[in-house]
Amino acid sequence: MESFTLRDSSSDDRSPRRVRIPVRPDAIARARAAVRAAAAAAGVHRDRIDDLLVAVSEACTNAMEAQVRAGTASPIDVTWAADESVFEVQVTDHGDGFEPTELPERPPVSDPRHLEVERGWGIQLMRQLVDELVFDVTGDGMCVRLRLSL
């Protein structure tokens, strides 16, 4: 995977680059609003912003579920940055983490068996909506990176 460094906010850019949300489903709207504004300012096309916001919602929901399972109420960090070619959102939780390569395969939507699977579609959905999806296990949880090419 290609490595790159995203620029941080400059002294004349007063827009926030992070929002911390409590482990409450209604707080996801706050993360979505912040990411929407930042992505628009970075020049992400409106249709791609909509895709990104669905992916952010899925990542935040998964983070909340991980933290509830782990018994922690620490806020979830949602951060974003951009360079000339990439807009990236990171959703970082303090749950137990997981091994992405061990996730069960889901049947494609063209397969009638997909109707038998009720939960666990978020990661597959995120993969379809962003250009790159990266999972990093941190010392105390998981960081999901959602990347869009600009």
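Counting from 1, the numbers follow the sequence of the chain as shown.
Shown here are the side chain to side chain donor-acceptor pair (under 3.5 Å) partners of Thr72, two or more places apart in sequence or in another chain: Ser74. Ser149 is linked by a side chain to side chain contact (heavy atoms under 4.5 Å, CB included) to Asp131, counting only residues two or more places apart in sequence or in another chain. Partners of Val54 by side chain to side chain contact (heavy atoms under 4.5 Å, CB included), not counting sequence neighbours, listed by chain and number: Leu125, Leu129. Residues forming a side chain to side chain contact (heavy atoms under 4.5 Å, CB included) with Pro75 (at least two apart in sequence, or on another chain): Arg20. Applying the side chain to side chain contact (heavy atoms under 4.5 Å, CB included) criterion to Ala39, with sequence neighbours excluded, gives Val44, Ile49, Leu52, Phe87.
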Can you check salt bridge (charged side-chain N to carboxylate O under 4.0 Å, His left out) on Asp96 and Arg69, steps first, answer last? CA-CA 8 Å; Asp96 292 330; Arg69 281 191 308 272; over 6 Å; no
Would you check, one step at a time, whether the test side chain to side chain contact (heavy atoms under 4.5 Å, CB included) holds for Val144 with Asn62? CA-CA 10 Å; Val144 176; Asn62 289 352; over 6 Å; no
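The heavy-atom pair separating Leu150 from Ala42 by the smallest distance is CD1-O, 4.0 Å. Summarising the geometry of Ala31 relative to Val19, their closest heavy-atom pair is CA-CG1, 4.0 Å, with the distance given to 0.1 Å. Contact record, Gly95 with Ala70: CA-CB, 3.9 Å, taken as the closest heavy-atom pair. The two residues Phe135 and Met142 make their nearest non-hydrogen contact at CB-SD, 3.9 Å. In plain terms, the two heavy atoms of Arg48 and Val130 that are nearest each other are NH2-CA, 4.0 Å. Counting all heavy atoms, side chain and backbone alike, Ala27 lies closest to Ile21 at O-CG2, 3.7 Å.
When side chains are defined from C-beta on, Thr92 does not count as touching Thr79, because their heavy atoms never get closer than 4.5 Å. A 4.5 Å side-chain heavy-atom check between Trp80 and Arg17 finds at least one atom pair inside the cut-off.
To the nearest 0.5 Å, atom CG of residue Asp51 and atom NE2 of residue His45 are 11.0 Å apart.
Across Val91, Leu146, Val56, a single residue satisfies side-chain contact (heavy atoms from CB on, under 4.5 Å) together with Met126, and that is Leu146.
No donor-acceptor pair closer than 3.5 Å links the side chain of Asp93 to the backbone N or O of Gly141. Checked by atom type and distance alone, the side chain of Gln67 pairs as donor or acceptor with a backbone atom of His94 at under 3.5 Å.
The salt bridge (charged side-chain N to carboxylate O under 4.0 Å, His left out) contacts involving residues 31-40 comprise nothing, where partners must be two or more places apart or lie in separate chains.
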